[in-house]
Amino acid sequence: MNNFLFGRYLPGNSWIHQMSPQSKLTLSFYFVVVIFFANNLASYGALAALIIVVVLLSGVSITFFLKGIRPLIWLIIFTVSLQILFSAGGHVFWQWGPFSISDLSLINGGYIFIRFLLIIMISTVLTLTTTPLAIADGVQTVLKPLKKIHFPVDTLALMLSIALRFVPTLMDEMGTILNAQRSRGVDFGSGSLKHRVQAAVPLLVPLFTGAINHAENLSTAMEARGFSDSEHRSKYRVYRWQGKDTISWLAFLAVGGLVLWIRKH
Amino acid sequence: MKDIIQIQNISFNYSNQPRLFDGLSLDVHQGEWLALIGQNGSGKSTLARLIDGLNVLTKGQILVAGMPVNDANVLKIRNKIGMVFQNPEDQFVGATVEDDVAFGLENRQVDRQKMHDIVKQSLKSVNMWEFRDRIPANLSGGQKQRVAIAGIIALSPEIIILDEATSMLDPRGRQDILNLVRQIKEKNHLTVISITHDIDEAAGADRVVIINKGQKIDEDTPAQIFKHPKRLEQIGLDVPYTSQLIAALSKRSVHAAKEYLNSEELITWIKQLVSTT
Amino acid sequence: MPKRNNTLRLNLLAMFIAIIILQTSIPLIGYIPIGPLAITIIPTTVVIATVLLGTVDGAIIGGVWGIITFIRAYIWPTSPLATIVFVNPIISVFPRIMIGLVAGWAYVALKKRLKRQSVSISIAAVLGSLTNTVLVLGLIYLFYKSKAPQLYQINMEKLLPYLIGVVGTNGVPEAIFSGIVTPLIATPLDRIIKRRT
Amino acid sequence: MDQAISFDHVTHTYQAKTPYAQDALNDVSVTIAENSFTAIIGHTGSGKSTLVQHINALLKPTQGTIKVHDKLITPTTTNKNLKEFRRHVGMVFQFPEKQLFEETVIKDIMFGPKNYGVSEADAKHAAVDAMNLVGLDQSLAEKSPFDLSGGQMRRVAIAGVLAMRPEILILDEPTAGLDPQGHKEMMTLAQRLHDHDQMTIILVTHQMDDVVNYASQVIVMDRGKIVKTGSPAQIFADPEWVYERQLNLPSSTEFAQRLIDAGIPMGKLPLTVNQLADRIAELVAKGDSMNE
């Protein structure tokens, strides 16, 4: 878990590290949308070339990406198999009950595999080069226009940053509660269904009680430090839009245009 | 001496609970280190919260720097008071050390460039600048309290309230934080109120107030307060180490003139006793 | 004093979000494995938030769970179901928001009529949990019918019975679990919150 | 005396086989005698908590073996067998009040015994006994634990451990956050469980005065290793060594140090107020007799 959410960030000073989180966030989103429009080898090739350039620019060794994919490999294989077995149309090679394999399903299976890889690669670049806090700040910047319709963007961002800050604390406490109840004779993760359902209560009640205590104490401490309104505060961390962001966007737009062009021709 | 805080005949109770304070009065002098001692549940932390406008009085009034604590003044008053709480974990708002120190400045809408300078200075003054990128999970309790103090320094208050700020630290961390606050107090000419049941912390104060069951039992210099070790024991407080030793000696027919001496006085006295010349 | 309750609400929501993040990442407190199935405890958390903080806040917490499900369906999917179904933001987010709303409405209505708070909570939890299941199933069907573009073009006609099977068989034990466990957790927490505010 | 616990070359590595691997215990061998009162001291992060969690089988050694009474824990002991260990070892965690969850005080205290298969009636009996032991009034039995004061909640949590009638009791900084009176009551309880109920007590603490006032044996940890074991007198005989481990001296030993610095001879360093007072009284008497 730690590895998934927090340990994933690798400090560095690469081109990608230096980009603003808001453009990394929006570019990742844009990239996933463009993938929807890829429909042949050439368009997938263009996207793959782009992601390879991005990976190289991030300065992160390729083994990190392979490690990131490894735990997902069975899931990918499973989904690809589903795709192959359940696809309709094309020349059918083999059929058994609801399952069939055709030339079209094999090609589609291959594409799905590439889609998986592309999405995992871009999201891995994002999380390896951007701290969770920076991502939260990026979200805040991206959502800023919504302030015009009185959507509480800053409150949301503050809430998110406090939530992220308390995840390790609560995880720690959960570890202690788990041990305390274990030493009182609870077996977690085994036994009858009834037993498993019951075992959730001695774990969750203390976890929630602790969280409520944190919320109360933190509220007091925040107010003592002059907090009254999350929508009227200045900001310590500001990520400015830089030349790197503009160049990246231009490159991504060009590849996106290329994919659409290939699709038409 | 000017009184920076005047507590005038206040009454207070939490909803659905018996009355905690009934007509309590107390003054805090500008520039002093005041120790507020008493058992858990005696009301000493509540008093701190009332001073900072975190709870609302039932009766009476509290003046901070001449301003009554009320809705209109509360933000101005909180600008003057920095509080350090008991649990280091529950006052760390920012995701990193730097962000946490900036939190109070952001609330006051301080300009960004200025904010960066203040955060740097404040963290340097508590020797935590090298830790600015750390997340709270990777800091010790003592380090978190240092960050809390940096957050207070950043706002340049006139009063610091330590609400059992050292009670969750190990003895080394405790000493370390007290030394730091003492140093900042001298440098910035602050008033310090320390709420504690650590008698050694109280011994270092200019003045001690004993609170028991919402009542002020006594207020005086530590030397005068510690003259009555039995009373301290009766209300569930520790007796200063030197008084314990004096009592133990008295049982061995070695009688001191007083029931309380500070360490230096006690050492001098013992030295006189055992010197053969 | 100013906005005391706003700050507390902000922090309580933040803590619930942190717990949801933990529950989506740590199987032990997020899921209970039963044979091949894994019933999720998270609807319980959403209903607890609803009971303690109110319907709107419950819906917010549900929505946060939905957004996390949506994002994770791309970057860190936990089940084949996620890669096929939850990549659609409407299927991953909307039903979760509705958990909070339905449970909240039910709880408010029942609280006035039933004597025992735990019974109200239990019924609200069952309804909230079922709302999730029914809406996810309904939306899968709807999107299949309308032939919306999909990330992974799978022949839904053949897959549909499988999907309904998975969601359905998870949904029933999930609702039972919510009905039993939610009142056991929410009742003491409600006392704590009421006593302190 | 019989051995209650013995560690034989125990190493514990967190996140073994990953780049984050770190030794929390490094080749630890130690024995703790039956019905002893042992204090474990060491600065934060020295491995104290990791050590005691092995006694309760909450952690398994990466290498080496641990023997608790006649049962053995090895790196290959299966999780199913661990529950049997825990039954005889009660563990009071730091801030144990955080583990409370039941509707009523009595139900929470009965939770442990019932998990170990004790009948409802026997569990209730044990819970009532435990409440008496920790000084909780029976009128609180049907109350919600969340309606009690912090100090009372801690007693409920400790009663919940004592109701399992453990033979070994581990107390991990049991006085943290208590006021002086609560502190004294807690340590008196530990002493009583040791003297009167013949429990083997293991106390993890930063309070050196508690070490000299209550413990007969001390284990000093530093960076995952046991660096010294012995009686309190042996441990605190060398103040320099204690300071180097980032630990403090007991108040009396420290005060005696200051007397020595002021030129007053102390001989063997005193540990408690009474020892120091004896020593001073002795010196005074000697001074008087020489003056005569």
Side-chain angles (χ1 to χ4, degrees), chain A residues 1-2 5-7 9 11-12 21 130-137 140 154 157-176 210-240, chain B residues 45 48-49 51-55 71 74-96 98-116 118-119 132-133 135-139 144 148 151-152 154-155 157 160-161 163:
Chain A
M1 144 73 210
N2 236 350
L5 199 63
F6 291 96
Y9 172 71
T130 325
T131 60
L133 178 65
I135 293 178
D137 281 327
Q140 185 179 12
D154 295 330
L158 184 63
M159 209 186 278
L160 195 58
S161 107
I162 293 171
L164 289 171
R165 176 249 167 281
F166 269 92
V167 166
T169 306
L170 292 177
M171 195 164 77
D172 223 47
E173 287 177 355
M174 200 204 64
T176 311
I212 291 171
N213 279 335
H214 287 309
E216 280 193 318
N217 292 340
L218 196 64
S219 300
T220 306
M222 281 168 68
E223 284 175 8
R225 291 169 75 181
F227 176 82
S228 64
D229 177 359
S230 42
E231 296 295 318
H232 295 96
R233 304 176 69 233
S234 54
K235 207 154 162 41
Y236 180 70
R237 264 175 209 279
V238 173
Y239 298 90
R240 287 227 176 77
Chain B
S45 287
R49 298 170 59 106
I51 294 170
D52 209 31
L54 294 161
N55 284 115
D71 276 358
V74 74
L75 289 177
K76 267 184 260 168
I77 285 168
R78 285 178 193 163
N79 277 339
K80 293 185 182 297
I81 302 176
M83 280 183 84
V84 188
F85 295 92
Q86 177 177 28
N87 190 338
E89 196 65 35
D90 287 354
Q91 54 191 313
F92 207 113
V93 188
T96 71
E98 233 179 316
D99 290 280
D100 188 60
V101 177
F103 178 77
L105 298 164
E106 290 178 323
N107 291 337
R108 288 159 178 84
Q109 305 196 47
V110 174
D111 170 70
R112 208 163 65 81
Q113 196 47 52
K114 220 167 141 192
M115 197 148 48
H116 276 267
I118 300 173
V119 168
R132 61 187 175 279
D133 292 335
I135 62 168
N138 296 337
L139 298 174
K144 280 179 207 152
I152 285 170
L155 303 174
I160 290 186
I161 302 181
D163 187 358

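Just so you know, these numbers come straight off a predicted model, no measurement behind them. Each chain gets a letter, A, B and so on, in the order its sequence line appears, and its residues count up from 1. Values reported hereafter were calculated over all heavy atoms of this structure, with side chains retained and with hydrogens, waters and symmetry mates removed.
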* Measure from the side-chain N and O atoms of A:Ser234 to the backbone N and O of B:Asp111, and report whether any donor-acceptor pair falls under 3.5 Å. => no

Greatest number of non-hydrogen atom pairs under 4.5 angstrom with chain A, of B:Met83, B:Arg108, B:Gln86, falls to B:Arg108

* Are side-chain heavy atoms of A:Leu158 and B:Glu106 found at a separation under 4.5 Å? -> no

Would the distance check show the side chain of A:Glu223 and the main-chain N or O of B:Leu54 forming a donor-acceptor pair, the cut-off being under 3.5 Å?
no

*asked:* So A:Asn217 and B:Phe85, do their side chains get closer than 4.5 Å, heavy atoms only?
replied: no

Bottom line for A:Leu133: the part with an atom under 4.5 Å from chain B's heavy atoms is side chain

The interface call for B:Ala95 against chain A, heavy-atom contacts under 4.5 Å, is both

Here the pair of heavy atoms bringing B:Asp90 nearest to A:Ala221 is O-CB, 3.8 Å

Bottom line for B:Val84: the part with an atom under 4.5 Å from chain A's heavy atoms is neither

Is the backbone of B:Asn107 close enough, under 3.5 Å, to the side chain of A:Arg225 for a donor and an acceptor to pair up by distance? no

For B:Phe92 and A:Leu218 the tightest heavy-atom approach is O-CD1, 4.0 Å

Whatever's closer than 4.5 Å to a heavy atom in chain A on B:Ile77 counts as neither

